[in-house]
Amino acid sequence: MNYQQEIVRALQAACPLEEKELRDMLAVPPDPAMGDYALPCFRLAKTMRKAPPVIAQELCAALEKPACVERVEAVNGYVNFYLDKDGFSRSVLEAAEASPRFGSSEEGRGKTVCIDYSSINVAKPFGIHHLPSTAIGNSLGLIYRYLGYHTVSMNFLGDWGTQFGRMIVAYKKWGNREQVEHEGVKALVALYVRFHEEVDAHPELADEGRAWFKKIEEGDAEARQLFDWFKEITLKEVSRVYDKLGVTFDEYQGESFFANKTDQVIAELEEKHLLSDSDGAKVVFLEEEKMPPCLFVRSDGATLYVTRDIAAAFWRKEHYHFDKCLYVVAYQQDLHFRQWFRVVEKMGYDWAKDLVHVSFGMVSMADGAMSTRKGRVVLMEDVLDNAVEKVDEIIRQKNPNLENREEVARQVGIGAVLFSVLYTNRIKDTVFCMDNVLNFDGETAPYAQYTHARCCSVLRKAANFSFEGESDLSALNNPEAQAVLRAIDAFPAAVREAAARYEPYLVSRQVIEICKAFNKFYYEQRILDCPDAQARARLRLTRAACAVIRQGLALLGIQSPEKM
RNA sequence: GCGCCUGUAGCUCAGUGGAUAGAGCAACGGCCUUCUAAGCCGUGGGUCCUGGGUUCAAGUCCCCGCAGGCGCGCCA
């Protein structure tokens, strides 16, 4: 852990540079054959008035080798440091064994992070396009908690707006209770679609929709009852899907909860002279910040989405005193968030800087965008069920005697789906492809889970072997074992970085690194068939890899079966 | 028109300004009497969108373009 520090100190004694400068310059070579750390000397050429290779050579000669370093070499203007392997092995194993929560920390102690994610809409299908937000938000919550933060996960339901008036119209005209009770959201969506088909020919339907929404707002008994019923039906269905995904929320407060809190927001905006009239509507101009105006109140007096967003932010700040509030929402809403974050700042709240839009790319289908109205939606649940079913078949084929097959199929199938959106940078658009999601080879969750199961299998075989006693660390003095150790060593930094950048894929990548290294180690080196002291060293490595893979997957919301 | 984002192998993507640009998938070829072959090894495959600039060093930073996606007051 402090190797870098020791090397910097040694370098500092040998040359006239500042500690900080040296620390910044010290790099990790692209290939372990070139050492564990390296100092490129090119930048020194100007001040020292010598060619970089000469500087490297001289530095190398003048250097007093720190204890952790096995040897130092000057190559092509680099000073390369090779760590003492036994020392490195020991320190990594001890760090990983010190706590079952390797890589966790206390950096977040006393701090609260609110995470707004998934945010499904009432009376709309839970489509695959909700996967990025759901998986990323869930994982960020797990990662922040691992770093000691208190987290509050919130599902900001889309349960407000004139479309609910339209839903009532459609239901009263063409729907019936039995069908909705029986078919659930599917029936509601069919009504919604029918409304949009008929509204072109019958424009008065739109007015009826608005009128019914007004009734909801005013608390009309019938309107309210239907509205609550639609919501209940939707929540029942989505919670079944969340259960399958293993995703939970601390809070389900949606837009409707904040709808009666918008007056205060508008009043405060008025009071602070931020609102201007514009074509009968009320807007906040954002010319200084080179953004289009932000519309708060429609010309008919109704408030818009943004008002509820701000009301919700106030409420959350007041109730949770968050140090950070993350909005895991697609990049289409980038301008929207930039606008209202800025408005909160203009209102004089310095915590506006703690509002973060964690944006991600669009999910589309091979033949174009998804559309509820056109019925072009891939259902989340169908994808999950397909994945589980496919895994179940594979198990029946490869491991027919596996106990609790269905449970394992569930863990692996769901893991594969979650991992498919947690393995890349958030921002890129993705075209949903069932075949890709259901591909379990290579860099996937099943690969990591398989590696974990493999580790477990080895450890089971060694169940009677005592870990107490001498470890011969020379058994790890080979490129394969060293690669595993390096990958484990890099895990804590990957977790920290993932939190800092709101990018769970950094954890995914690191887990895969460990798995690749372990699989190669497993193939090249015998773990059990060797003298006790050596086996002990290799078993400790296996145990450490096993635990870190399991923990890494857990931070992504993915479970690790012990057999598969 | 303006703004934001993206452009790296056939496909999907990694790549804190540093050494020969890497993975996975797909294709082809090897490795199971040995700790789980959902694995491992190998082969082929590149104008890092183009052109300038900064730098000892650019896929990475800056600028002009090109292509695609998204967004730009009465939806959410």
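A, B, ... follow the sequence lines: proteins, then strands. Residue 1 opens every chain.
Pair check for B/rG68 finds B/rC5; Watson-Crick or G-U wobble, both atom distances under 3.5 Å. Remark: B/rU12 base-pairs with B/rA23; criterion is Watson-Crick or G-U wobble with both hydrogen-bond distances under 3.5 Å. Searching all strands for a Watson-Crick or G-U wobble partner of B/rG17 with both distances below 3.5 Å returns nothing. In this structure, B/rG39 and B/rC31 make a Watson-Crick or G-U wobble pair, each of the two defining distances being under 3.5 angstrom.
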### Message
Using a 4.0 Å heavy-atom cut-off to protein, can you give one letter per nucleotide of nucleotides 57-64 of chain B, 5' to 3': B if the base is in contact, S if only the sugar-phosphate is, - if neither?
### Response
--------
### Message
Strictly under 4.0 angstrom, non-hydrogen atoms only: write out the protein contact profile of nucleotides 32-44 of chain B, one letter per nucleotide from the 5' end, B, S or -.
### Response
--BBBSBBSS---
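Phosphate proximity of B/rG3 to A/Y331: absent, as no side-chain N or O sits under 4.0 Å from OP1 or OP2. Proximity of A/K290 to the phosphate of B/rC2: no side-chain N or O atom is located under 4.0 Å from OP1 or OP2. A close approach under 4.0 Å does occur between a side-chain nitrogen or oxygen of A/R298 and OP1 or OP2 of B/rC75.
For the pair A/L335 CG and B/rA76 C1', the computed distance is 14 Å after rounding to whole Å.
With a 6.0 Å cutoff to the six-membered ring centre and a 45° limit on the axis angle, A/R540 does not count as a cation-pi contact of A/F467. Relative to the ring axis of A/Y192, A/R166 does not place its NZ or CZ within 45° and under 6.0 Å from the centre. Figure legend: A/R308 and A/F258 shown without cation-pi pairing, the cationic atom not lying both under 6.0 angstrom from the six-membered ring centre and within 45 degrees of its axis.
Counting only heavy atoms from C-beta on, A/A38 has its side chain closest to B/rA19 among B/rC70, B/rA19, B/rA14. Each of B/rC5, B/rA14, B/rC74 was ranked by its minimum atom distance to the side chain of A/S299; first place goes to B/rC74.
When the P atom is used for both B/rG42 and B/rC49, the distance is 28 Å, rounded to whole Å. Using C1' as the reference atom, B/rC74 and B/rG59 are 45 Å apart when rounded to the nearest Å.
Within the 4.0 angstrom heavy-atom criterion, no nucleotide atom of any strand lies near A/P52.
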